[in-house]
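Below is one structure, written out as structure tokens; the observations come after it.
Chain naming here is simple, since letters A, B, ... match the order of the sequence lines and numbering starts at 1 in each. In what follows, every heavy atom counts, from backbone to side chain, and hydrogens, waters and symmetry copies are set aside.
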Number of protein chains: 4
Amino acid sequence: MTIAVIYGGNRPNGNTESLTKLATQGLVVEEIYLKEYVIEPIIDKRHAEEGFPEVNDDYNFIIDRILPHDILIFSTPIYWYSMTGIMKNFIDRWSQTLKDTNYPDFKKQMSQKRAYVIAVGGDQPYMKGLPMIQQFQHIFDYVGTTFEGYIIGEGNRPDDIAQDLKALSAAEQLRKKLQ
Amino acid sequence: MTIAVIYGGNRPNGNTESLTKLATQGLVVEEIYLKEYVIEPIIDKRHAEEGFPEVNDDYNFIIDRILPHDILIFSTPIYWYSMTGIMKNFIDRWSQTLKDTNYPDFKKQMSQKRAYVIAVGGDQPYMKGLPMIQQFQHIFDYVGTTFEGYIIGEGNRPDDIAQDLKALSAAEQLRKKLQ
Amino acid sequence: MTIAVIYGGNRPNGNTESLTKLATQGLVVEEIYLKEYVIEPIIDKRHAEEGFPEVNDDYNFIIDRILPHDILIFSTPIYWYSMTGIMKNFIDRWSQTLKDTNYPDFKKQMSQKRAYVIAVGGDQPYMKGLPMIQQFQHIFDYVGTTFEGYIIGEGNRPDDIAQDLKALSAAEQLRKKLQ
Amino acid sequence: MTIAVIYGGNRPNGNTESLTKLATQGLVVEEIYLKEYVIEPIIDKRHAEEGFPEVNDDYNFIIDRILPHDILIFSTPIYWYSMTGIMKNFIDRWSQTLKDTNYPDFKKQMSQKRAYVIAVGGDQPYMKGLPMIQQFQHIFDYVGTTFEGYIIGEGNRPDDIAQDLKALSAAEQLRKKLQ
């Protein structure tokens with residue numbers, strides 16, 4: 001059982017990253033920081049005769065890094081009540097991979113994985129973050145990934161998350177489960 | 001009363017665009033196609049001493065085009081149960097504008113606008129698109145924009161939207177209201 | 001193809017009822033007004049050895065009236081952002097019917113039906129009514145009923161619904177579809 | 001700072017009750033079991049000239065018991081993805097109290113309270129229970145009550161909740177906060 005963490009944040013050592021580190025402390029994890037890569041927005045060619053063009057960016061490299069793992073942790077700060085734009089662009093591109101003959105088993109592979117979401121927001125995330133959780137559920141349902149759970153934390157300024165005892169406790173629980 | 005339409009789709013003449021054109025037919029509208037512009041993801045410097053760096057892309061140009069208008073229509077295909085990544089990157093950048101001394105009245109200006117969302121999706125959008133609608137509500141609430149209404153349509157393949165009589169009828173209603 | 005309408009409101013000639021009448025005008029429909037019946041809250045005996053006791057109320061009579069129909073329309077005013085308590089009590093009792101040996105095919109029969117929801121609320125129903133729509137989706141998913149669509153209307157004082165052109169237009173569309 | 005717990009369940013010693021007892025262990029709490037009372041569904045007379053009739057049931061007695069307290073805990077099993085019908089009937093009646101001259105300060109009093117929701121469900125409550133949480137948010141917003149937090153637990157058969165370590169841990173956290 002191996003774990004990949006996909007970080008969607010854009011601030012080094014942000015609250016979401018801290019909470020995720022707590023949840024994965026002492027575990028071997030493959031860490032992917034989306035901000036370090038170039039991920040083009042999808043050009044929707046699902047119904048074009050010529051199909052999707054090859055894109056010269058880092059997207060497939062990231063896919064290659066996550067596919068070998070059993071557990072995926074999506075770690076995203078809540079920007080404007082949803083995942084960050086770079087994480088959204090990453091997920092949007094799955095539509096292309098689903099049609100990519102180089103990844104004929106993409107959906108099947110995703111369907112064998114389990115996923116967690118860790119998200120920290122500053123404006124009532126325990127309420128206003130819920131639509132994002134529902135979207136992740138729909139996303140995972142579509143590719144067959146099991147949505148094992150999520151942790152929402154509250155924080156705005158750096159290190160705020162250290163005050164959210166409920167989130168810290170949930171991260172501890174998750175760490176025990178992942179061991 | 002003037003209208004700007006912000007298109008978030010990536011396919012020319014897509015279903016969402018068609019539905020939006022129907023809702024704005026015969027009206028004078030400023031049309032902004034996000035796909036024609038470079039919009040960098042936000043680098044979150046809200047809490048950095050140095051503040052946000054200037055970004056050399058088209059974002060501010062788009063902001064300058066929408067701010068003069070009274071009504072904003074956000075037109076986005078539903079990709080993975082939410083707005084497209086490029087529209088999300090656009091909205092993420094509002095955090096920067098809210099701190100930008102060149103736009104001291106950004107929030108006040110946004111609070112005087114009324115907004116509509118038009119969105120078409122292929123996988124049960126009338127249900128699975130609802131979290132996105134809730135997110136737009138939270139987004140508009142944050143900047144004080146009045147969320148006047150939304151139209152959800154169903155479509156996957158090109159021109160599917162022509163079969164969604166309910167959406168077409170709602171677009172007609174909206175057009176009458178905007179006149 | 002026959003239709004049963006289940007009215008959950010408590011006010012005669014309320015806005016929800018008016019909107020529903022418009023959607024079913026000229027059609028043969030079996031109309032069930034829950035307020036005219038005694039429906040006890042469920043006593044949860046799902047896990048009790050002795051099972052559910054027989055309840056001496058009108059619940060089964062209503063079930064018997066709806067089961068023969070192909071299409072069910074749940075018509076409820078939005079009270080406190082959800083269906084009315086009497087409609088909730090009615091649906092809560094389905095847990096009992098699912099275990100009732102007198103209705104061995106309840107789930108199978110429900111799974112062959114198609115459902116619509118018509119709901120009118122006074123406090124931003126197009127937004128704040130969405131969680132209720134999501135709940136109906138979960139409810140229908142559980143018993144296998146196809147959730148064909150919903151109409152939300154806005155209204156508070158009597159006859160307000162006549163001003164909601166969008167809802168009236170959607171009711172017209174539905175009526176054409178049901179013919 | 002005093003606490004009232006409003007139990008909406010219908011099974012003695014159910015999972016929701018157990019989780020709530022854990023969260024309030026050692027604290028002085030006023031416990032109200034709705035199932036022990038008669039609460040009539042609301043007859044919607046908000047717009048009737050004659051106003052609401054007096055209802056001869058236990059509703060006002062319950063209101064009188066909760067109003068003196070600073071913190072309200074709504075403890076409800078998740079039946080069909082929402083609060084129980086008896087809890088819904090209880091809340092529906094608030095519309096009457098809001099117009100009741102015997103309770104001229106009802107809204108003001110509610111606005112000074114803080115609320116928690118504790119809910120246990122059997123069918124993916126961490127996902128499918130979220131619309132109910134959003135509804136409670138809308139309910140509390142309407143009367144001005146501060147929604148301090150919620151605990152969702154998973155359980156179906158009696159005592160299942162003892163296996164939900166995340167929920168137990170959250171209940172512990174809440175207890176420390178309430179002390």
Side-chain angles (χ1 to χ4, degrees), chain C residues 8-12 14-16 34-35 38-48 77-96 98 121-125 127-143 155-160, chain D residues 8-12 14-16 34-35 38-48 77-96 98 121-125 127-143 155-160:
Chain C
N10 249 329
R11 186 167 70 191
N15 285 307
T16 314
L34 295 180
K35 69 179 171 189
V38 175
I39 303 169
E40 296 292 334
I42 193 166
I43 309 294
D44 182 2
K45 295 279 187 181
R46 282 174 300 157
H47 309 292
I78 305 179
Y79 287 175
W80 294 95
Y81 313 104
S82 185
M83 68 179 82
T84 63
I86 55 175
M87 186 170 271
K88 186 60 178 24
N89 269 334
F90 171 68
I91 289 177
D92 283 358
R93 288 283 294 284
W94 292 6
S95 298
Q96 182 163 356
L98 285 165
D123 180 20
Q124 295 183 261
M127 300 299 160
K128 297 184 181 175
L130 300 185
M132 180 186 72
I133 298 299
Q134 294 175 319
Q135 287 168 336
F136 271 110
Q137 177 74 71
H138 291 317
I139 290 167
F140 296 140
D141 281 352
Y142 190 86
V143 291
N156 205 331
R157 299 190 59 79
D159 301 326
D160 273 0
Chain D
N10 249 330
R11 186 167 71 191
N15 284 307
T16 313
L34 295 180
K35 68 179 170 189
V38 175
I39 303 170
E40 295 292 334
I42 193 166
I43 309 295
D44 183 2
K45 294 279 188 180
R46 282 174 299 156
H47 309 293
I78 304 178
Y79 287 175
W80 293 95
Y81 314 104
S82 186
M83 68 179 82
T84 63
I86 54 175
M87 184 170 272
K88 186 60 178 25
N89 269 333
F90 171 68
I91 289 177
D92 282 358
R93 288 284 294 284
W94 293 5
S95 299
Q96 183 163 358
L98 285 165
D123 180 21
Q124 296 182 262
M127 299 300 159
K128 298 184 182 175
L130 299 185
M132 180 187 70
I133 298 299
Q134 295 174 319
Q135 287 168 335
F136 271 111
Q137 177 73 71
H138 291 316
I139 290 167
F140 296 141
D141 281 352
Y142 190 86
V143 291
N156 205 330
R157 300 190 59 79
D159 301 326
D160 272 0

For this session: Examine distances only and state if a side-chain atom of C:D92 and a backbone atom of D:G85 form a donor-acceptor pair shorter than 3.5 Å.
Result: yes
For this session: Please determine, among C:P41, C:S82, C:P77, the option with the most heavy-atom pairs under 4.5 Å with chain D.
Result: C:S82
For this session: For residues C:H47 and D:N156, report the shortest heavy-atom separation together with the two atoms involved.
Result: NE2-O, 3.1 Å
For this session: On the 0 to 90° scale, with breaks at 30° and 60°, tag the C:H138-D:Y81 ring pair as parallel, tilted or perpendicular.
Result: tilted
Exercise. Is it true that a side-chain atom of D:W80 and a backbone atom of C:I91 form a donor plus acceptor pair closer than 3.5 Å?
Worked result: yes
Exercise. Quick one: what part of C:M83 sits under 4.5 Å from any heavy atom of chain D, side chain, backbone, both or neither?
Worked result: backbone
For this session: Name the region of D:D123, side chain, backbone, both or neither, that has any atom closer than 4.5 Å to a heavy atom of chain C.
Result: side chain
Seminar exercise, completed: Most contact-rich option vs chain D, by heavy-atom pairs under 4.5 angstrom, among C:Q124, C:K128, C:Q134, is C:K128
Exercise. What residues form a side chain to side chain contact (heavy atoms under 4.5 Å, CB included) with C:I133, not counting sequence neighbours?
Worked result: B:M127, B:L130, C:V117, C:F147, C:Y150, C:I152
Exercise. Do D:K45 side-chain atoms and C:R11 backbone N/O form a donor-acceptor pair below 3.5 Å?
Worked result: no
Exercise. Listed by chain and number, what are the side chain to side chain contact (heavy atoms under 4.5 Å, CB included) partners of C:D141, not counting sequence neighbours?
Worked result: C:Q137
Exercise. Are the side chain of C:N10 and the backbone of D:I42 linked by a donor-acceptor contact shorter than 3.5 Å?
Worked result: yes
Exercise. So, D:K88 side chain and C:I86 main chain: donor-acceptor pair closer than 3.5 Å or not?
Worked result: no
